[in-house]
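Okay, structure first, notes after.
Residue numbers count from 1 along this sequence. First listed ligand is number 1; within each ligand, the first listed atom is number 1.
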Amino acid sequence: MTDRRRIVAGNWKMHGSLVSASELAGALAATTHEAGRGLPEVIVFPPFPHLDAVRRVLEEAESAGTLAVQLGAQDLSIHEQGAHTGEVSADMLLDCGCSHVLVGHSERRTGLRESDELVARKFHRAADHGLIPVLCVGETLPERRAERTAEVVLRQLGAVLELCGGNMFERAVLAYEPVWAIGTGHTATPEQAQQVHTLLRGEIARTNAKIAVGIRILYGGSVNGANAAALFAQPDIDGGLVGGASLDAKEFLRIIAAV
Ligand code: 13P
């Protein structure tokens with residue numbers, strides 16, 4: 001066992017309304033917990049237009065005996081500011097109370113054709129501004145079937161290491177999200193996930209052994225209250241990045257309880 005504090009993160013993707021996002025945040029933040037129990041860090045990633053409302057709900061609910069929930073965004077611009085219609089800058093996210101930001105989610109890599117290089121520049125922008133980047137990597141089903149998983153995830157991670165260097169991972173989080181497991185109900189087995197997590201940690205260790213020991217590597221892809229405990233029991237799985245199951249407060253709390 002290591003002393004890496006676990007993380008349970010909820011990516012709300014493009015779901016919900018201002019009202020439902022506020023209610024969900026309220027339900028999480030109102031959850032009481034027994035003092036002294038090893039709680040994970042909890043982070044939610046609402047859509048941009050809901051960030052401010054969620055922040056206010058979380059701040060109002062914050063008190064000693066309730067769950068501390070941090071705020072993150074689902075994307076950021078590589079640009080500082082300027083004529084970039086539709087883009088959202090790192091400073092704007094900090095203004096909204098965000099501490100974390102997702103970079104390289106497969107739905108952006110695939111659906112919006114974000115390249116490894118663009119993802120690396122987003123990671124750099126986030127870390128440079130004091131946001132904690134959560135770098136997502138993962139292979140598609142044809143890539144897994146062709147036994148290219150290692151090659152793909154190392155290429156995705158390698159692009160960031162090349163641009164940013166290993167030291168920029170000191171405050172970063174990694175997430176292994178096999179594309180074939182996202183939203184499909186086909187969760188990777190704990191052993192499949194552990195194998196990739198070990199590989200990723202080993203790759204970080206090649207540039208900085210100390211950071212590799214401390215970095216949290218989350219698993220994402222059809223995590224739910226029933227399968228979370230077995231996944232989190234693996235030595236290199238430091239928590240989960242949860243999509244669908246994070247939209248239901250009870251189910252998300254079951255995952256938190258599995259830590
Ligand atoms: P699901 O948990 O819905 O499979 O989504 C995972 C994910 O993409 C989190 O970023």
Side-chain angles (χ1 to χ4, degrees), residues 6-16 20-21 24 28 40-48 50-51 54 69-76 93 98-112 114 119 122-123 126 131-141 143-144 149 152-153 156-157 160 172-190 192-193 196-197 200 216-232 234 237-259:
R6 303 294 172 91
I7 296 177
V8 177
N11 175 5
W12 294 355
K13 307 193 179 182
M14 201 174 73
H15 291 293
S20 70
L24 182 51
L28 296 176
E41 278 185 43
V42 178
I43 314 160
V44 294
F45 294 85
F48 289 136
H50 302 165
L51 283 172
V54 169
V69 182
Q70 302 176 78
L71 190 63
Q74 297 174 17
D75 183 39
L76 86 166
L93 299 181
C98 290
S99 51
H100 293 70
V101 62
L102 299 180
V103 294
H105 193 283
S106 64
E107 285 151 16
R108 299 196 63 86
R109 289 183 190 267
T110 312
L112 295 155
E114 288 196 1
V119 171
K122 288 186 173 191
F123 183 102
L131 284 162
I132 298 173
V134 180
L135 172 66
C136 307
V137 299
E139 82 288 2
T140 62
L141 190 57
E143 287 164 345
R144 173 159 282 266
T149 299
V152 171
V153 299
Q156 292 170 337
L157 174 60
V160 182
V173 175
L174 270 177
Y176 170 54
E177 297 206 309
V179 181
W180 48 271
I182 295 178
T184 59
H186 300 297
T187 321
T189 64
Q192 281 174 324
V196 178
H197 285 224
L200 294 171
R216 272 82 59 86
I217 309 181
L218 314 183
Y219 167 79
S222 299
V223 175
N224 58 39
N227 60 30
L231 286 159
F232 299 168
Q234 295 293 320
I237 301 183
D238 304 308
L241 179 52
V242 186
S246 73
L247 297 169
D248 179 295
K250 267 202 191 127
E251 188 68 10
F252 193 55
L253 289 166
R254 273 183 74 197
I255 296 171
I256 292 168
V259 168

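Listed by chain and number, the residues in a side chain to side chain contact (heavy atoms under 4.5 Å, CB included) with Pro190 are Ala230, Leu231, Gln234 (sequence neighbours excluded).
Ligand 1 places these atoms under 4.0 Å from at least one heavy atom of Lys13: 5 (O), 6 (C), 7 (C), 8 (O). The contact set between ligand 1 and Gly244, taken as ligand atoms under 4.0 Å from a residue heavy atom, comprises 1 (P), 2 (O), 3 (O). Every atom of ligand 1 is numbered from 1 in the order shown, and the set under 4.0 Å from a heavy atom of Leu241 is 9 (C), 10 (O). The contact set between ligand 1 and Ala181, taken as ligand atoms under 4.0 Å from a residue heavy atom, comprises 4 (O).
In terms of polar-atom proximity, Gly183 is counted as a contact of ligand 1, with an N or O under 3.5 Å from an N or O of the ligand. Of the polar atoms of Gly243, at least one N or O is found under 3.5 Å from an N or O of ligand 1, judged by distance alone.
If you check which protein heavy atom lies closest to atom 7 (C) of ligand 1, you get Glu177 OE2, 3.2 Å.
By the 4.5 Å heavy-atom criterion applied to side chains, Phe252 and Leu24 are not counted as neighbours. With contacts defined as side-chain heavy-atom distances shorter than 4.5 Å, the pair Thr140/Val152 does not qualify. The shortest distance between side-chain heavy atoms of Leu51 and Cys98 falls below 4.5 Å. Contact check for Glu107 versus Met14: no side-chain heavy atoms found under the 4.5 Å cut-off.
Contacts with ligand 1 closer than 4.0 Å are made by heavy atoms of both the backbone and the side chain of Ile182.
Residue Ala245 places no heavy atom under 4.0 Å from ligand 1.
Counted by atom type alone, His105 and Glu177 present one or more donor-acceptor pairs between their side chains at under 3.5 Å.
The OG1 atom of Thr187 lies 8.0 Å from the CH2 atom of Trp180; values are rounded to the nearest 0.5 Å.
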